[in-house]
Chemist: 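Input: one structure, supplied below.
Within every chain, numbering begins at 1; the chains are lettered A, B, ... in the order of the sequence lines, protein sequences first and strands thereafter.
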Protein chains: 2
Amino acid sequence: MPKGIPLTEEEQAKRRHEIVDQVVNVFLKKGFQETSMREIAEAAGLGKSTLYDYFKTKDEILLYFFENQIGNLTEAAQKIALQSIPADERLRQVMKIHLEYLQANKSLFMKLSLEAQRLKLESQKQIQRGRHAYQDLIRGLIEEGVREGAFRKVDPLLAARMLINTLVPVVYTSRPTGTTQEMMEETMDIFLKGLQVC
Amino acid sequence: MPKGIPLTEEEQAKRRHEIVDQVVNVFLKKGFQETSMREIAEAAGLGKSTLYDYFKTKDEILLYFFENQIGNLTEAAQKIALQSIPADERLRQVMKIHLEYLQANKSLFMKLSLEAQRLKLESQKQIQRGRHAYQDLIRGLIEEGVREGAFRKVDPLLAARMLINTLVPVVYTSRPTGTTQEMMEETMDIFLKGLQVC
DNA sequence: TCAGTATAGCGAATAGCGGTCGCTTTGCCA
DNA sequence: TGGCAAAGCGACCGCTATTCGCTATACTGA
């Protein structure tokens, strides 16, 4: 980057994005905690202190990454939520892309989603906001299902959280009992059957 | 401790236990990562380097704690598993003590179980062994339920993992929708209904 | 009885971390 | 063309986990 030319806010944002893009692979190999700011700076082709011009702290780098990921997922899920098919079918589809998302970033998420929990409280709140938006989307689908009469009356937010959490062991188990596809289908079967009016 | 007197293996183990006991409260207040070895040593009434005579690394302290916790939980669950009542009722009871366990150590677990994921691979494997033992116990209960005809035929290990993971959001949500008791009961209802032959 | 030895325990030193500071380099603009 | 704001950087700071060499101690065997 040329010196002397002030960056517009947009350019700064783009630069941040580029930096994270270039650095993600290092996180993948070593994990976030184990990657030093010096290494991050090297991977980004920057001096260490220049990095601090774009991210105030190391945590902020992780925060930036997560906001992006959750945002992207929510966006994709929103499109599915708008389709005019039964709510349970939409739920299945959302969970399918959720799973694909997890799988695509598997080792990255495995390492990073856990480290995210150790961020400063304020940063956590910010991630939480994104997470809640996603939870609320799932909740909405469950509420619709209840209204449609497909699901029995359950606490929709609790069910949403439950559903989201059931995906974790599908992807991250060390003792898989089938393909990820199969495991997810059975998981969804159990969950949706648990919601059905019987 | 007097110097010069070699400690038997038992005494060493007891000493480790004592150290962790005295230090847990500090972790509770500050979190593991945020507690320095100097502080841990102080809390244990030891010199910093003496601590290293009992635990090779900082991580090992956390590891020791977790092995104990999972071990205790598994032991308690085993007692329940042996009772002669329907499998689904035993499942409910095991999950109840699991929840109590989580709640009793809530802030500790919230902070520590996540940090545990960042331990050295070898340490993780050791924790994993304990976790698997617990998973297998739950799996056994589900298998019994299937044999008894109370549950439909599902992958018992997958269901076990699913069940264990559904408890997480009950305890650790930032948006509770009722008392922990209530939330857990509804969670179990959904899960068990998902397993029922309908 | 008393040197020899093994070990509990410790303070100081080490390497490397996240983060800061003050300087240099650059290109725009008056 | 000279002044200036901003990009970028290397050296530095205080802290960390961990290691090392030493001391103090009590048991052992001659």
Chemist: Within the 4.0 Å limit for protein heavy atoms, which parts of nucleotides 12-22 of chain C are touched? Write it as a string from 5' to 3', B for base, S for sugar-phosphate only, - for none.
Modeler: -B---SBBBB-
Chemist: Run the side-chain hydrogen bond (donor to acceptor under 3.5 Å, both in side chains) test against A:D21 and tell me which residues pass, sequence neighbours left out.
Modeler: none
Chemist: Can you name the residues that form a ring pair (Phe, Tyr, Trp, His ring centres under 6.0 Å) with B:Y134, not counting sequence neighbours?
Modeler: B:H98
Chemist: Ignoring backbone atoms, test whether A:T50 places a side-chain nitrogen or oxygen under 4.0 Å from the OP1 or OP2 oxygen of D:dC9.
Modeler: yes
Chemist: Specify the separation, in whole Å, of atom CD of B:E42 and atom C1' of C:dG9.
Modeler: 16 Å
Chemist: Run the side-chain hydrogen bond (donor to acceptor under 3.5 Å, both in side chains) test against B:E148 and tell me which residues pass, sequence neighbours left out.
Modeler: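 If we apply the side-chain hydrogen bond (donor to acceptor under 3.5 Å, both in side chains) test to B:E148, skipping adjacent residues, the hits are B:R90.
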Chemist: Please state whether the phosphate of D:dA7, meaning OP1 or OP2, lies under 4.0 angstrom from any side-chain nitrogen or oxygen of A:Y54.
Modeler: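 It does not, given that no N or O in the side chain of A:Y54 lies less than 4.0 Å from OP1 or OP2 of D:dA7.
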Chemist: Take atom CD1 of A:I40 and atom P of D:dC9, then tell me their distance rounded to the nearest Å.
Modeler: 15 Å
Chemist: To the nearest Å, give me how far apart CG (B:D53) and P (D:dG21) are.
Modeler: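 From B:D53 CG to D:dG21 P: 15 Å.
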Chemist: Inspect the surroundings of NZ in B:K193 and state if more than 12 heavy atoms from other residues, nucleotides or ligands are less than 6.0 Å away.
Modeler: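 Count over threshold, so yes.
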Chemist: Can you check the B:L51 CG to D:dA17 P distance for me, whole Å?
Modeler: 10 Å
Chemist: Under the side-chain hydrogen bond (donor to acceptor under 3.5 Å, both in side chains) test, which residues partner A:T57, sequence neighbours left out?
Modeler: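 Once residues adjacent in sequence are excluded, A:T57 has no partner under the side-chain hydrogen bond (donor to acceptor under 3.5 Å, both in side chains) criterion.
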Chemist: Once you round it to whole Å, what is the distance between P of C:dG9 and CD1 of B:I19?
Modeler: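 It works out to 8 Å between those atoms.
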Chemist: Output side-chain donor-acceptor pairs under 3.5 Å for residues 73-88 of chain B, partner residues at least two apart or in another chain, one line each.
Modeler:
from	atom 1	to	atom 2	distance (Å)
B:T74	OG1	B:I70	O	2.8

